[in-house]
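Numbering of residues begins at 1 and proceeds along the displayed sequence.
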Amino acid sequence: MIFSHQVFAKAKMPSPTIQEALQPTALGGGMYLMKVGGLWGSVMHLPQPETPKLLPKKHEKISDKKAKSPLEKPDLCVASDQNQILLLRASDNGLEVRSIGKGWNLEKDALTSVKIGVGSAYKADLTMQALSDDQIGVPVNLEQMARLVEVLSDNDEAVLTYRLKEKSLEKGKKEKTDSQKTKEEIRKVSLKLAAPVFDNFRECVRFSGFLHAKDAKSVEAKKA
């Protein structure tokens, strides 16, 4: 399931604020907006969208065992800024970091070098694969995702630097042929007031069971 451009458009996320409503916002197709903070939002997908009464309220942690009714486990957890420049995703297929550029025109399966810088201490060099002509992504392990979420929660801005290989058409020939051109692009993402969104994403991932016990123990051991 490729995360749709329309999800956050439907959410109509406002200017920087923190959402305090107690009920999730239904976006359609089983998608629910769980938390908004600053220009970020966290979304979850339920496999049975006809049972929204089983959703946790926003003032309760998703993993709260004292919930009055059994909670339907989501099969997708997402945290993203409203422009989907930086998108964190968890599902049964694993953990992923994705990015969307509405003006991109990427070759199928093209590889893109992406550098993510957050604050003064965090830098990551990732190689993302084109999932569509305007979306790229890469699987990450639990330790990588946990560290990224941690630094995003504690800083005000993230900077992404791309080396994009885009499609272009060579002109002046009877038959136009596809070629590639490479360009560098830098995009900045505000993280102000977004910490509650990352907390909600963590809870969604834990509750959904996407983290294997052995992976969680490994991370805890390295922190100790």
Side-chain angles (χ1 to χ4, degrees), residues 2-3 8 13 16 35 37-43 77-91 93-107 109-132 134-166 180-206 210-212 215-224:
I2 291 182
F3 190 66
F8 282 95
M13 296 201 300
K35 193 75 176 180
L39 300 178
W40 283 72
S42 59
V43 172
C77 303
V78 174
S80 173
D81 68 285
Q82 64 179 4
N83 294 317
Q84 300 179 43
I85 295 173
L86 183 57
L87 191 152
L88 313 180
R89 191 178 191 274
S91 70
N93 293 325
L95 305 173
E96 294 178 85
V97 177
R98 295 188 180 187
S99 185
I100 292 175
K102 295 179 181 178
W104 292 346
N105 186 29
L106 305 174
E107 289 278 6
D109 297 328
L111 299 179
T112 298
S113 171
V114 182
K115 295 182 179 180
I116 302 177
V118 185
S120 58
Y122 179 87
K123 295 187 186 306
D125 292 324
L126 303 175
T127 300
M128 297 192 184
Q129 185 175 19
L131 305 174
S132 65
D134 63 354
Q135 181 172 186
I136 56 178
V138 63
V140 294
N141 61 37
L142 174 57
E143 185 175 4
Q144 288 173 308
M145 180 65 81
R147 176 59 179 150
L148 178 57
V149 171
E150 180 183 13
V151 297
L152 292 175
S153 299
D154 294 338
N155 288 274
D156 290 337
E157 186 179 73
V159 180
L160 283 75
T161 304
Y162 308 83
R163 291 286 294 174
L164 295 163
K165 292 182 179 179
E166 295 191 304
Q180 286 187 336
K181 58 179 181 179
T182 303
K183 69 174 184 178
E184 183 175 281
E185 181 176 321
I186 298 175
R187 304 167 78 186
K188 297 181 179 181
V189 186
S190 173
L191 303 171
K192 293 180 179 179
L193 301 178
V197 171
F198 300 121
D199 287 341
N200 185 267
F201 177 72
R202 288 191 190 98
E203 290 297 328
C204 183
V205 173
R206 290 193 189 105
F210 298 141
L211 305 185
H212 298 293
D215 293 333
K217 289 180 181 178
S218 173
V219 172
E220 291 300 323
K222 289 181 179 181
K223 286 184 177 179

Before you tell me yes or no, could you show the steps for Tyr122 and Leu152 under side-chain contact (heavy atoms from CB on, under 4.5 Å), namely the whole-Å CA-CA distance, both residues' side-chain angles and the distance that decides it to 0.1 Å?
CA-CA 10 Å; Tyr122 179 87; Leu152 292 175; over 6 Å; no

Within the structure provided, determine whether Glu107 and Lys165 are in side-chain contact (heavy-atom separation under 4.5 Å).
no

For Ala90, side-chain contact (heavy atoms from CB on, under 4.5 Å) partners two or more places apart:
Cys77, Leu95, Phe201, Val205, Phe210

Separation between CG of Leu39 and CG of Leu193, rounded to the nearest 0.5 Å:
8.5 Å

Nearest 0.5 Å please: distance from the CG atom of Asn83 over to the NZ atom of Lys102.
6.0 Å

Set of side-chain contact (heavy atoms from CB on, under 4.5 Å) partners for Asp154, sequence neighbours left out:
Glu150

Minimal non-hydrogen separation, Trp40 against Val197, with atom names:
O-CG2, 3.7 Å

Residues in side-chain hydrogen bond (donor to acceptor under 3.5 Å, both in side chains) contact with Ser91, at least two apart in sequence or another chain
none

To the nearest 0.5 Å, how far apart are OG in Ser42 and CZ in Arg202?
12.0 Å

Distance, nearest 0.5 Å, that separates OG1 of Thr112 from CG of Leu164
5.0 Å

Considering all heavy atoms, the nearest Val151-Val118 contact
O-CG1, 3.6 Å

Quick one: CG on Leu87 to CD1 on Ile100, what's the gap to the nearest 0.5 Å?
6.0 Å

Specify the closest pair of heavy atoms between Val138 and Thr127, including all atoms of both residues, with the distance to one decimal.
CG2-O, 3.4 Å

Which heavy atom in Trp104 sits nearest to a heavy atom in Gln135, and how many Å separate them?
CE3-N, 4.5 Å

Write out all pairs satisfying side-chain hydrogen bond (donor to acceptor under 3.5 Å, both in side chains) with one or both partners inside residues 155-164, taking only residues at least two apart or from two chains.
Ser99-Tyr162

Nearest heavy-atom contact between Ala195 and Ser153 is CB-O, 3.8 Å

Which atoms form the tightest heavy-atom contact between Glu96 and Met145, and what is the distance?
O-CE, 3.3 Å

Is the shortest heavy-atom distance from the side chain of Leu148 to the side chain of Val140 under 4.5 Å?
no

Rounded distance [0.5 Å steps], OG in Ser132 versus CG in Asp109
11.0 Å

